[in-house]
Amino acid sequence: MEKAEKKVMDEIVEKIEKLSALELSELAKKLEEKFGVEGMMAPVGAVGAAAAQAPAGGEQKEEKTTFDVILKTFGTNKIQAIKEVRALTNLGLKEAKELVESLPKPIKEKATKEEADDIQKKMATIGAEVEVK
């Protein structure tokens, strides 16, 4: 192995050592997906380090899988906000108008992370402010 390759590998190892247990788990999943391997096993030393970084009580915080998207302000174009709310929610004109006029209101509940991000981007393009909880 050349010195340059060894240096790169050492840098990668240093970065991996700084990851939390959750980050290590996510990294392993990404590597499994990227390279088509399953059941990658962490070396014993990495497992010990991950366990040392786990929260007290042995419980890990669960990652949120559903989100509520709340419209906080409609920005400068109320009509465009009503149109976008109608498209996102399948509400009628009257219901969408009432929702936009009585902020803050949820426009999508129990959305996936991707849906919530998509809604947030769409609403931002028209100047509306959205909060994802």
Side-chain angles (χ1 to χ4, degrees):
M1 183 180 310
E2 293 181 27
K3 286 183 182 181
E5 290 174 337
K6 182 169 178 15
K7 183 179 178 182
V8 169
M9 291 178 91
D10 289 342
E11 289 172 359
I12 292 170
V13 169
E14 285 178 28
K15 289 180 181 181
I16 290 173
E17 287 176 334
K18 295 176 183 175
L19 297 176
S20 68
L22 182 59
E23 292 168 329
L24 283 170
S25 173
E26 290 175 8
L27 176 62
K29 287 178 187 174
K30 285 185 179 184
L31 290 172
E32 287 174 352
E33 291 172 6
K34 175 75 176 174
F35 298 107
V37 294
E38 292 186 31
M40 286 182 59
M41 298 291 291
V44 175
V47 172
Q53 293 178 359
E59 295 180 26
Q60 287 190 0
K61 185 177 178 183
E62 289 187 29
E63 191 170 324
K64 215 173 166 182
T65 57
T66 60
F67 301 86
D68 294 337
V69 183
I70 299 161
L71 181 60
K72 295 188 79 170
T73 63
F74 54 80
T76 58
N77 194 340
K78 183 174 166 182
I79 293 171
Q80 188 62 35
I82 293 169
K83 287 179 180 180
E84 197 63 46
V85 167
R86 286 189 69 200
L88 293 168
T89 62
N90 295 322
L91 290 175
L93 179 60
K94 180 181 177 191
E95 293 84 3
K97 183 178 182 282
E98 289 171 357
L99 187 146
V100 169
E101 291 176 340
S102 61
L103 300 178
K105 286 282 188 179
I107 54 175
K108 178 82 175 186
E109 294 177 328
K110 297 181 181 171
T112 65
K113 179 71 173 156
E114 292 79 23
E115 287 175 316
D117 289 342
D118 187 45
I119 292 169
Q120 191 170 27
K121 286 176 188 171
K122 285 180 181 178
M123 297 306 284
T125 59
I126 63 166
E129 183 183 344
V130 173
E131 180 181 4
V132 178
K133 287 186 175 183

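By the salt bridge (charged side-chain N to carboxylate O under 4.0 Å, His left out) test, K110 is found to be paired with no residue, residues two or more places apart in sequence or in another chain being considered. Annotation: salt bridge (charged side-chain N to carboxylate O under 4.0 Å, His left out) contacts of K78 (sequence neighbours excluded): E101. With sequence neighbours excluded, no residue forms a salt bridge (charged side-chain N to carboxylate O under 4.0 Å, His left out) with D68.
Side-chain contact between K83 and Q80: present, with at least one pair of heavy atoms (C-beta onward) separated by less than 4.5 Å. Contact of the I126 side chain with the N77 side chain is not registered, since no non-hydrogen atoms from C-beta on lie closer than 4.5 Å. In this structure, Q120 and V69 have side chains that are not in contact, with every pair of non-hydrogen atoms separated by 4.5 Å or more.
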**Report entry** M123 vs V85, side-chain contact (heavy atoms from CB on, under 4.5 Å): CA-CA, chis, key distance, verdict
**Finding:** CA-CA 9 Å; M123 297 306 284; V85 167; 4.2 Å; yes
Report task. For K113 and D117, run salt bridge (charged side-chain N to carboxylate O under 4.0 Å, His left out): C-alpha distance rounded to whole Å, both residues' side-chain angles, the deciding distance at 0.1 Å, then the answer. Result -> CA-CA 6 Å; K113 179 71 173 156; D117 289 342; 3.6 Å; yes
Requested in this report: For the pair D118 and E114, evaluate side-chain contact (heavy atoms from CB on, under 4.5 Å) and give the outcome as yes or no after the intermediate values.
Outcome: CA-CA 6 Å; D118 187 45; E114 292 79 23; over 6 Å; no
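Nearest heavy atom pair, residue V132 against residue A116, reads CG1-CB, 3.9 Å. The shortest heavy-atom contact between T89 and I107 is CG2-O, 3.1 Å. Shown here for A111 and E115, the closest heavy-atom pair between the two residues is CA-OE1, 3.3 Å.
Atoms CD and CD1, on E98 and I82 in that order, are 10.5 Å from each other to the nearest 0.5 Å. K7 contributes atom NZ, which lies 14.0 Å from atom CD of E2 (distance to the nearest 0.5 angstrom).
Using a 4.5 Å cut-off between side-chain heavy atoms of Ile, Leu, Val, Met, Phe, Trp and Tyr, with links allowed through other members, L91 and L93 fall into the same hydrophobic cluster. Note on L88 and I70: separate hydrophobic clusters, where clusters join Ile, Leu, Val, Met, Phe, Trp and Tyr whose side-chain heavy atoms are under 4.5 Å apart, directly or indirectly.
Sparse packing is recorded around CD1 of I79, with 12 or fewer heavy atoms of other residues, nucleotides or ligands lying under 6.0 Å away.
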